[in-house]
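Whatever order the structure lists them in is the order used to number ligands and atoms, beginning at 1.
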Amino acid sequence: MNKTLKNCLLLLTFLATGVCVHAQEKLLPAQQEISLKYGADRLGKRSDKAMQHFRENRLGAFIHWGLYAIPGGEWNGKVYSGAAEWLKSWAKVPSDEWLQLMKQWNPTKFDARKWAKMAKEMGVRYVKITTKHHEGFCLWPSKYTKNTVEYTPYKKDLLGEMVKAYNDEGIDVHFYFSVMDWSHPDYRYDIKTPEDSAAFARFLEFTDNQLKELATRYPTVKDFWFDGTWDASIKKNGWWTAHVEQMLKEMLPGVTINSRLRADDYGKRHFDSNGHLMGDYESGYERRLPDPVKDLKVTRWDWEACMTVPENQWGYHKDWSLSYVKTPVEVLERIVHAVSMGGNMVVNFGPQADGDFRSEEKILATTIGRWMKKNGECIYGCDYAGWEKQAWGYYTRKNKEVYMVVFNAPYSNHLVVKTPKGTKVLKATVVGGKEVQVTETERNTYNVNMPVQNPGEPFVIKLQIDEAASAADNYRDALT
Ligand code: FHN
């Protein structure tokens, strides 16, 4: 049997058994793997310095800013409850009409240094900026299209101002880039005719040029985060996604790239047809998180989640009362949840068209920042601890330090801790506070006394442990 035929048969078998759909959960035995030209280029996590830095940052902010901030979810007197940055699509606005909004783009309150200060105070270590969202409007003066900030009353290079200001505050900048471009005449959702092929080839060249332009103009960028990559046209061009990854990595050594860019030879996305992660980190956890007990598989690869503060608004929407808005503690819990499973969390902000942030977002940034200032050591550089999850909250870990991040204080005066075999808890100290009593209650089980805390504020206890403790002990199992 020739190789291509064998590959096709294998692929059909995967499809029939559903393995393909959940390939990331079921790695194939090595001998059953199919050969791929555009699959994962690496097995396992990247271990270089840049990737380590990405991982240790742990907390980021997303900035969704584009023309959609001007109507803020309302078109011709009708308020649409869907995501504000999709308004062009909800209200079926033709591109030329939508792009007229450029005439109103003049964020007079925009001050990149203020934005950077706000991010710094919140404690984020990186910011992901929408260089271009699906609408096609570019925040930098791209020479490959007229749909840019250069042709607005503002004129100046907004992206450049932001990169400089964030970098000056020591904050990494990541570029969000939507491949899908609703305003480009050559974009195709699918390729059905030779004309589609020709148009899409031109579009891919345009996109390559824009990406090269971004990498050249802003060489301090640390990461490209691709979006709008789910259409059949892109899935049929997996080679191009592999080429983009390689091109950017050659231009910017160390740059990190999300899995959402990638499709393999068969259009399989994020994870290739053999179940291996493509790109450097998994980026499918959007507005949701893996289950902290059942989904521990995610600790095998790097991953980053992103989250909106209302249920689903990324760009500025004038009416946040249309859906549930998370409280700062709920946002905090999601950040800790992600870190406890070895992931990063990116919290979204949708600035107003005038360049200011809505008050809810300012309060959120300040509240998270206050907490991070006191407790950030349980987030930055921390990872999955591998200890059995307890109902009071989450564990995170950095080297020998294990942190208990408590969100649900129990009525009893203690928090139960169960350690892995051979691990003993020697001491427990509240971060920013006093030592609390630890009592061993049974084999590998401890009560950590509840400290007196501000009600409603999650707190952190740092555990000092001994992992070389002998597994032998004085406990006897019941004979039943
Ligand atoms: O459609 C976009 C959406 O507007 C937003 O940008 C999010 C951010 O992850 N990504 C897409 C949906 O997955």
Practice problem: Indicate, as side chain, backbone, both or neither, the part of Trp225 found under 4.0 angstrom from ligand 1 when only non-hydrogen atoms are considered. | Solution: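 Under 4.0 Å from ligand 1, Trp225 contributes side-chain atoms alone.
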[atom]: nearest protein contact (heavy atom, Å):
| atom | result |
| --- | --- |
| atom 5 (C) of ligand 1 | His64 NE2, 3.4 Å |
| atom 11 (C) of ligand 1 | Asp227 OD2, 3.0 Å |
| atom 4 (O) of ligand 1 | Glu85 OE2, 2.6 Å |

Practice problem: Consider ligand 1: state whether an atom of it lies below 4.0 angstrom from any non-hydrogen atom of Cys306. | Solution: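 Right, Cys306 reaches ligand 1.
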Could you tell me whether [X] and [Y] have a side-chain N and a carboxylate O separated by less than 4.0 Å?
| X | Y | answer |
| --- | --- | --- |
| Lys318 | Glu74 | yes |
| Glu311 | Arg287 | yes |
| Asp280 | Arg55 | no |

Exercise. Report, in ascending order of atom number, the atoms of ligand 1 lying under 4.0 Å from any heavy atom of Tyr176.
Key: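 Counting from 1, the qualifying ligand atoms are 6 (O).
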Quiz item: Given Arg260, which of Glu282, Glu245, Glu286 fulfils the salt bridge (charged side-chain N to carboxylate O under 4.0 Å, His left out) condition?
Solution: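 Only one option passes, and that is Glu286.
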Practice problem: For Ser259 and Ser283, run side chain to side chain donor-acceptor pair (under 3.5 Å): C-alpha distance rounded to whole Å, both residues' side-chain angles, the deciding distance at 0.1 Å, then the answer. | Solution: CA-CA 6 Å; Ser259 64; Ser283 57; 3.3 Å; yes
Looking only at N/O atoms, are [X] and ligand 1 under 3.5 Å apart anywhere?
| X | answer |
| --- | --- |
| Trp314 | no |
| Trp230 | no |
| Arg260 | yes |

Quiz item: Counting heavy atoms only, which of His133, Glu286, His134 comes nearest to atom 9 (O) of ligand 1?
Solution: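 When every heavy atom of His133, Glu286, His134 is considered, Glu286 comes closest to atom 9 (O) of ligand 1.
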Self-check item: Side chain to side chain, Phe224 and Lys128, heavy atoms closer than 4.5 Å
Solution: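 Of all side-chain heavy-atom pairs linking Lys128 with Phe224, none is under 4.5 Å.
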Exercise. Report yes if some heavy atom in the side chain of Ile379 is under 4.5 Å from a heavy atom in the side chain of Ile335; otherwise report no.
Key: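 Heavy-atom side-chain distance check passes, below 4.5 Å.
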